[in-house]
2 protein chains.
Amino acid sequence: MNRSGVTHPQGFLAAGVACGLKRNGNRDLAVVVSETPAAIAGVFTTNVVKGHSLQWSRKNIAGGIGRAVAVNSGCANACLGPDGERDAERFAGMLASLAGCPVSQAFIGSTGVIGFPLDLQKIEHGLNEAFGQLSVDGGQAAAEAVMTTDTFAKQAQATFSLDGREVRIGGFAKGSGMIHPNMATMISVLTTDIAITAPLLDKALRAAVSKSYNRISVDGDTSVCDKVLVLANGKAENRLIETENEDFRQFVAKLTDVAVSLARMLARDGEGATKLLEFVVLGAPDPQTAHKMLEAICKSPLVKTAFFGEDANWGRILTAAGYSGASFDPDKIDIRLGDVTVCQNGTGLPFDETAALEVLRRDEVVITLDLKAGSITDRMWTCDFSCDYVKINGSYRS
Amino acid sequence: MNRSGVTHPQGFLAAGVACGLKRNGNRDLAVVVSETPAAIAGVFTTNVVKGHSLQWSRKNIAGGIGRAVAVNSGCANACLGPDGERDAERFAGMLASLAGCPVSQAFIGSTGVIGFPLDLQKIEHGLNEAFGQLSVDGGQAAAEAVMTTDTFAKQAQATFSLDGREVRIGGFAKGSGMIHPNMATMISVLTTDIAITAPLLDKALRAAVSKSYNRISVDGDTSVCDKVLVLANGKAENRLIETENEDFRQFVAKLTDVAVSLARMLARDGEGATKLLEFVVLGAPDPQTAHKMLEAICKSPLVKTAFFGEDANWGRILTAAGYSGASFDPDKIDIRLGDVTVCQNGTGLPFDETAALEVLRRDEVVITLDLKAGSITDRMWTCDFSCDYVKINGSYRS
């Protein structure tokens with residue numbers, strides 16, 4: 001028995017089945033159920049266009065109680081007008097009836113191609129099958145069922161102590177194109193057995209998302225179906241967290257760790273990616289400066305193709321910083337690839353190309369920009385941009 | 001004799017030579033000279049990081065008089081600290097001495113790899129050779145000499161009448177990656193024999209750039225060396241334009257036509273591009289809404305790869321519009337590929353895939369978004385995103 005991901009915490013069951021939405025016969029419907037009603041919070045896409053399944057969940061999140069979550073891949077249920085709304089409602093209704101909860105406690109998500117109707121017969125059949133398979137080791141199957149162009153299922157989990165109780169957090173996420181802040185830019189479901197009120201769970205989630213899912217970029221696109229949900233069912237029986245006390249801070253730190261683990265996996269598994277890139281801005285005068293600069297660099301196709309080519313082309317990084325809108329002194333900036341300084345005070349340094357190449361060949365490359373203008377540090381993850389990105393996106397209708 | 005491009009107007013000579021900055025032996029130094037001092041205006045990159053050659057020209061543009069322009073490819077002369085500044089000054093000094101003009105009337109530009117010093121011996125040798133070859137049919141050679149990853153030289157020209165005089169405009173431009181507003185996002189030199197004051201030439205250039213070079217995107221990157229210069233030497237002997245009169249408006253329209261022709265060539269010749277995409281936003285309530293939406297769509301790798309794949313994937317276009325920051329009603333928008341309506345009132349229409357494919361296979365595809373919320377129209381050009389973009393940029397150090 002492997003209680004990984006969403007089934008790592010106490011009191012959660014999950015399943016992932018193939019209901020026929022994906023033509024290749026792979027799993028395409030994930031279900032996560034809490035044995036008891038749980039506090040729930042969510043963060044949703046900032047895109048003006050919003051998928052119908054997402055809109056359903058967004059409307060009900062204010063209630064603060066969740067019992068079941070179902071996410072299908074293979075169809076986004078988006079841009080379908082009133083038909084899409086009706087399908088979302090029916091999807092949630094079926095889920096609620098199987099979970100034995102009010103429909104306002106049933107949350108749904110859909111990811112895949114936009115503009116094609118959701119096949120509710122397949123959903124119904126799949127939900128029935130999934131409820132028959134619900135188990136405490138269903139985390140992996142659920143993580144697989146949400147994959148679209150992902151090359152591997154993404155799960156993370158953590159365990160820690162809070163006033164003598166063991167508390168657990170787990171989750172899954174799917175990417176892998178259309179990943180960019182804001183916001184969540186993917187679909188992720190997190191679970192925890194901590195006891196916490198819904199308003200504080202919401203605060204904790206927003207704090208964690210700001211350091212994780214809002215700090216990754218694959219192609220700068222933000223999907224209409226992106227969301228993160230977190231359910232907390234209280235099975236750990238810790239003192240209920242209802243203020244921003246030390247317990248709360250500890251929970252935020254651990255939730256952030258789990259979310260960062262999943263976010264890094266999303267960046268690493270960017271469509272066609274061959275390596276994970278971590279950009280760090282040091283010495284910024286304020287958070288906005290660091291963030292603007294990181295966003296521009298992590299979105300730049302020229303920067304990302306250079307890393308695919310394993311080319312120590314720091315000029316493109318400086319160029320992207322320069323047009324980012326961040327205000328900085330280009331004559332003070334240092335740039336390092338790993339430990340190799342390639343640019344000092346805005347000027348190219350003669351550097352050891354062999355040492356630079358050794359860094360660039362790594363599976364994970366850390367690139368540091370030091371502005372020497374303050375004490376703020378921020379970081380963001382992205383991936384390189386390969387021929388395969390184009391091949392995948394020139395043929396996959398998303 | 002072929003008086004094309006910058007040598008189309010009266011009183012301009014040009015040459016393009018190979019001085020050895022490009023390893024492949026192709027032309028890499030362009031010179032344009034006006035027989036008499038000309039009014040000059042320029043628009044320069046908004047990147048915080050600015051190349052040294054560009055900085056030199058930017059500093060002197062306020063003088064309003066230009067006699068000679070030299071642009072090298074193969075080296076950006078950027079991010080080199082005080083050495084780069086000194087090299088720019090010496091480059092301009094050599095040009096001025098050959099042109100027999102004050103150094104403040106000698107304008108230079110450099111494009112190519114960042115962080116490598118400019119070889120002034122080669123520049124000196126090349127300038128001498130170019131001045132020996134200056135001629136009224138040197139426009140083509142000059143256009144070739146500024147090319148970097150461009151696949152063809154880009155020239156345009158126009159002739160029109162103004163108070164009984166024949167007035168001419170011509171120019172060249174180079175692309176082809178790192179093309180994005182703002183601003184000019186490339187290097188272009190325009191010439192005209194119209195008689196106009198420098199302040200009004202500046203106004204005319206800004207108006208033309210806002211409809212042309214600021215309306216194209218290849219990869220969303222903005223280079224540190226981008227600029228457009230225009231010289232007007234008065235040889236047409238029209239009434240001097242010194243107010244925004246009807247003559248001025250006519251000149252702006254013609255200058256815009258030439259700039260749009262060149263800008264479209266830049267988009268068409270985007271690195272790895274197989275087709276030109278023209279996105280049109282109709283029915284916007286204000287210019288900002290239309291512009292924000294166009295910028296996001298034209299930058300989106302997912303949109304651009306879909307067109308490479310000739311896939312009628314309108315969901316990605318609507319997604320990009322949705323995250324653009326533009327405020328619009330997603331339930332009112334229509335999207336057309338050529339004449340094929342694929343989305344009406346934000347909802348997918350069953351459409352004829354064969355007809356859509358016929359549109360997508362064209363060399364130029366027009367995609368229209370109708371917001372039905374006002375009377376503003378705007379348009380922007382970009383290209384598709386192919387495997388070759390990645391290959392070119394994974395290997396070329398720019």
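So that the names make sense, note that chain A is the first sequence line, chain B the second, and so on, each numbered from 1.
With a threshold of 4.5 angstrom between heavy atoms, A:Phe328 approaches chain B through its backbone and through its side chain. Proximity to chain A (any heavy atom under 4.5 Å) is restricted, for B:Ala326, to the backbone atoms N, CA, C and O.
For the pair B:Val49 and A:Thr319, the minimum side-chain heavy-atom distance is 4.5 Å or more.
Taking all atoms of both residues into account, the shortest heavy-atom contact from A:Gly115 to B:Trp314 is CA-CZ2, 3.8 Å.
Put simply, CG on A:Leu349 and SG on B:Cys79 are 12.0 Å apart, with the number rounded to the nearest 0.5 Å. Here B:Thr347 contributes atom OG1 and A:Asp83 contributes atom CG; the two are 8.0 Å apart, rounded to the nearest 0.5 Å. For the atom pair A:Ser300 OG and B:Lys299 NZ, the distance stands at 10.0 Å (nearest 0.5 Å).
Around atom NZ of A:Lys275, more than 12 heavy atoms belonging to other residues, nucleotides or ligands sit under 6.0 Å away.
Every residue two or more places apart in sequence or in another chain that forms a side-chain hydrogen bond (donor to acceptor under 3.5 Å, both in side chains) with B:Lys372 is listed here: B:Asp334, B:Asn345.
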